[in-house]
Amino acid sequence: MNQKSTSIETVLGELNPPQREAACHGPSPLLIVAGAGTGKTTTLAHRVAWLIHEGTDPSRILLLTFTRRASAEMLRRVEAILRQLEGGRGGTAPGSTRVWGGTFHSIATRLLRRFGRMIELPSEFSILDRGDSEDLMASLRNELGLGETGRRFPKKGTCAAIYSRVVNTQTSLREVIEHAFPWCAEDLDGLGELFAAYVDRKEVQHCLDFDDLLVFWEALLDDPGAGPAVRKLFDCVLVDEYQDTNRLQSRLLKGLCPDGVGLTAVGDDAQSIYSFRAATIRNILDFPEEHPGTTVVPLEQNYRSTQPILEATNRVIAQASQRHTKTLWSDRTTGERPVLVNCTDEDEQSDFVVEEVLARREEGVALKDQAVLFRASHHSLALEVELAQRNVPFHKYGGLRFLETAHIKDLLAFLKLVDNPRDGVAATRMLLLLPGIGPVRAGRMVEALLEAGGQLSAWNDIKPPPPSTEIWPSLMTLLKRLAGDDRAEQNVSAELHQVRQFYTPLLESRYDHAAARLRDLEQLEQLATRYNDRSRFLAEITLDPPSSTQDFAGEPILDDDFLVLSTIHSAKGLEWDSVFVIHAADGNIPSDMATGDDEEIEEERRLLYVAMTRAKNRLFVCYPQRYYFRGRRRSDAHGFSQLSRFLTEDVLECCQRRTARPLESDEADDDSFTADVTAAEIRRRIKDLW
DNA sequence: GTCACAGAAATTTTT
DNA sequence: TTTCTGTGAC
């Protein structure tokens, strides 16, 4: 006993006073306002460990995080602390804490599978990812004839975005359209009709989309039977990244902890960057009113960055209009000031980044400890080409996911259909792969399937169109084998293998670069070897898709070193020794797509703030002065850009300024370079004569 | 009904 | 560069 309390003291001794106050706070509601790099993860991990140490049953703790990766990291640290407390006397093996950890969506899935029946939801449901929702919207739009009004109807992606916003903000369709999608005002009625059909169809098909997971979780909490049962599961609920939750999510917390007892939220209003997903900064600002008796603990000591970097980032965020004021400070007072890098164009920017990254590596900073951050996924394309040419390994996070590529979705459609034969989205996708089957025929076949209550045998008597007569029986055999009872001992990977054998010839006739795509399929198969439960595999891969190609490769090789390329959104919560923010020009940050109103612009400011605060020791902010308009006839057409409006004089005072062009180049080099440009220019001008 | 091709249009961030 | 829409052949 005595020895144990000594060691908890030692463990807590690693924390500064506010961190410690937060970690050891009692059961009343707690809001930790944690600035960038202030040891938020450490504090939260210590809090969980402290709760367990104080006697809370780990399986009665719910830890909600933004990604599953964040959840895994947090639990790993909790376990490490617990092991420390036990003095290595065993007991806390990795993965043994049994804390409920995951994203809102994955926890929703678990709860709904278990309690869904109490609100008349089938426990066997499939999850539609964003692309699936869009596909369903598209086919319903055609069925309803909404595209035939002469004017063009909003695209499927826009429809899905509007729908999701309505659900997540819990406001009326009219309001959402007026505020966020004014150009769709004329389609108000059509959209209403479409959304009604969408809701009905999901019900018939036993499918839930991402938003449904949250909506039905709330329904569970509101239900007189299920609500208390769910609430009874948890003594403590902790939420990370609270600034990026939406109204619906805050209501879920209220439903879980109506009186706020056992509730902890952690976040930083200055880092709220997900309003496009209906996240609202109001959640964190209003938390104390929503949960009376809240203790607010601010964390302001930054352990990540040097003071010179913080000075610049503090000035970026100081211009924000509404925020919970806090000034971050660090006792790492020495260090280089951030560098503003002036590049003539994008190629020079890429050059600069590659050179500088390699120079850092020479100094002993591994590639893995360096990152290049950008606003939009395509901003890194030129850099990717340059890195590939110079054999610099890199991983890219964010942007188009592996799972969203057509061939992967094709392969998974077979499995999804077998898993839930009512899943019309999967069925349609699969059927369209067959020659001679188009949207009309596929629609009829799906209808027949649904009428038969999802019995695949409904297709036994189908007469396929001539081009598919040969392949049809083998498809039916495949589906029956996958759906058969003897599959109990089958690994998901083995199932995928069977599908792949059937699918390969279809893929080869349908897509270019078949070899590369087939490799992807093999990797997916590899990934699936860890799963024996098909439903779980499908749910997990949908809710938490592998975020980079490399994630497929299983265990990372230890000496594998690579540069990180990431969208700013995907960089949330992470940190690197050296950070390069590229394309810091107006139009990119803030994005031209997001300068509609002041709130959007404020969010773009926070985005730049998030990017810059990822850096520990070195920070480079690059901007190309000139952009070429690619693709069109005149290859020399270009425009000049302005430095991002958020990098004001005030901020620049804290920075060094540099040009990307190497200064050491002697005059001869300079001359030859100029001559080169001139020759190219002359050639272009000659071409322009035609 | 399906498919292949052509031309036009749009183009962020993600559970 | 991808995605959508329209057209015409089978």
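Chain letters run A, B, ... following the sequence lines, proteins first and then strands; every chain starts at 1. These numbers come from the heavy atoms of this one structure, side chains and all, not from hydrogens, waters or symmetry mates.
- Residues that satisfy the side chain to side chain donor-acceptor pair (under 3.5 Å) test with A:Gln642, not counting sequence neighbours, are absent from this structure.
- Checked for salt-bridge contact, A:Arg375 and A:Glu604 meet the test: a charged N lies under 4.0 Å from a carboxylate O.
- Every residue was checked against the salt bridge (Lys or Arg N to Asp or Glu O under 4.0 Å) condition with A:Glu447, not counting sequence neighbours, and none meets it.
- Listed by residue number, there are no residues of residues 238-248 of chain A with a heavy-atom contact under 4.0 Å to DNA chain B.
- Following rounding to the nearest Å, A:Ile127 (CD1) and B:dT15 (P) show an atom-to-atom distance of 14 Å.
- Taking atom CG of residue A:Asn588 and atom P of nucleotide B:dT12, one finds them 12 Å apart after rounding to whole Å.
- Listed nucleotides B:dT2, C:dC4, B:dT15 differ in distance to A:Arg277; the shortest reach to its side chain belongs to B:dT15.
- Between the NE2 atom of A:His379 and the P atom of B:dT11 there is a distance of 14 Å, given to the nearest Å.
- Evaluation of the side chain to side chain donor-acceptor pair (under 3.5 Å) test over residues 103-112 of chain A, restricted to residues two or more places apart or in two chains, returns A:Thr103-A:Ser106.
- Taking atom CG of A:Leu432 as the reference point, atom P of B:dA4 lies 13 Å away to the nearest angstrom.
- The aromatic ring of A:Tyr274 does not sit over the base of B:dT14, since the test of centres under 5.5 Å and planes under 30° is not met.
- Applying the salt bridge (Lys or Arg N to Asp or Glu O under 4.0 Å) criterion to A:Glu218, with sequence neighbours excluded, gives A:Arg251.
- Contacts of A:Thr169 classified as side chain to side chain donor-acceptor pair (under 3.5 Å), with partners at least two apart in sequence or in another chain: A:Thr171.
- Residue A:Pro435 is in sugar-phosphate contact alone, with no base atom involved, counting any heavy-atom pair closer than 4.0 Å across all strands shown.
- Of the candidates B:dT12, C:dC4, B:dT2, B:dT2 carries the atom nearest the A:Arg441 side chain, counting heavy atoms from C-beta on.
- Atom CZ in A:Arg165 sits roughly 16 Å away from atom P in B:dT14 (whole-Å rounding).
- Regarding A:Leu433, its CG atom lies at a distance of 14 Å from the P atom of B:dT2, rounded to whole Å.
- Looking at heavy-atom distances under 4.0 Å, A:Pro439 makes contact with sugar-phosphate atoms alone, never a base.
- Taking the salt bridge (Lys or Arg N to Asp or Glu O under 4.0 Å) definition, one finds that A:Arg614 meets it with nothing, sequence neighbours left out.
- Atom NZ in A:Lys572 sits about 16 Å away from atom C1' in B:dT12, given to the nearest Å.
- Each of B:dT15, B:dG1, B:dT13 was ranked by its minimum atom distance to the side chain of A:Thr67; first place goes to B:dT15.
- Here B:dT12 is the nucleotide among B:dT2, B:dT15, B:dT12 with the atom lying nearest to any side-chain atom of A:Ala376.
- Not counting sequence neighbours, the partners of A:Glu540 by the salt bridge (Lys or Arg N to Asp or Glu O under 4.0 Å) test are A:Arg68, A:Arg536.
- The side chain of A:Lys155 has C:dC4 as its nearest neighbour among C:dC4, B:dT15, B:dT14.
- Comparing B:dG1, C:dT5, B:dT12 against the side chain of A:Ser591 picks out B:dT12 as the nearest.
- Closest approach to the A:Arg444 side chain among C:dC4, B:dT13, B:dG1 is made by B:dG1 (side chain taken as heavy atoms from C-beta onward).
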Output a table of nitrogen or oxygen pairs between the protein and nucleotides 8-10 of chain C separated by less than 3.5 Å.
none

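- Rounded to an integer number of Å, the gap from A:Leu543 CG to B:dT15 P is 10 Å.
- The aromatic rings of A:Tyr274 and A:His569 sit perpendicular, their planes meeting at an angle over 60°, well past the 30° parallel limit.
- A close approach under 4.0 Å does not occur between any side-chain nitrogen or oxygen of A:Thr542 and OP1 or OP2 of B:dT15.
- Salt bridge present: A:Arg130 and A:Glu134 bring a charged side-chain N and a carboxylate O closer than 4.0 Å.
- Side-chain proximity of A:Val440 to the nucleotides B:dT13, B:dT15, B:dG1 is greatest for B:dG1.
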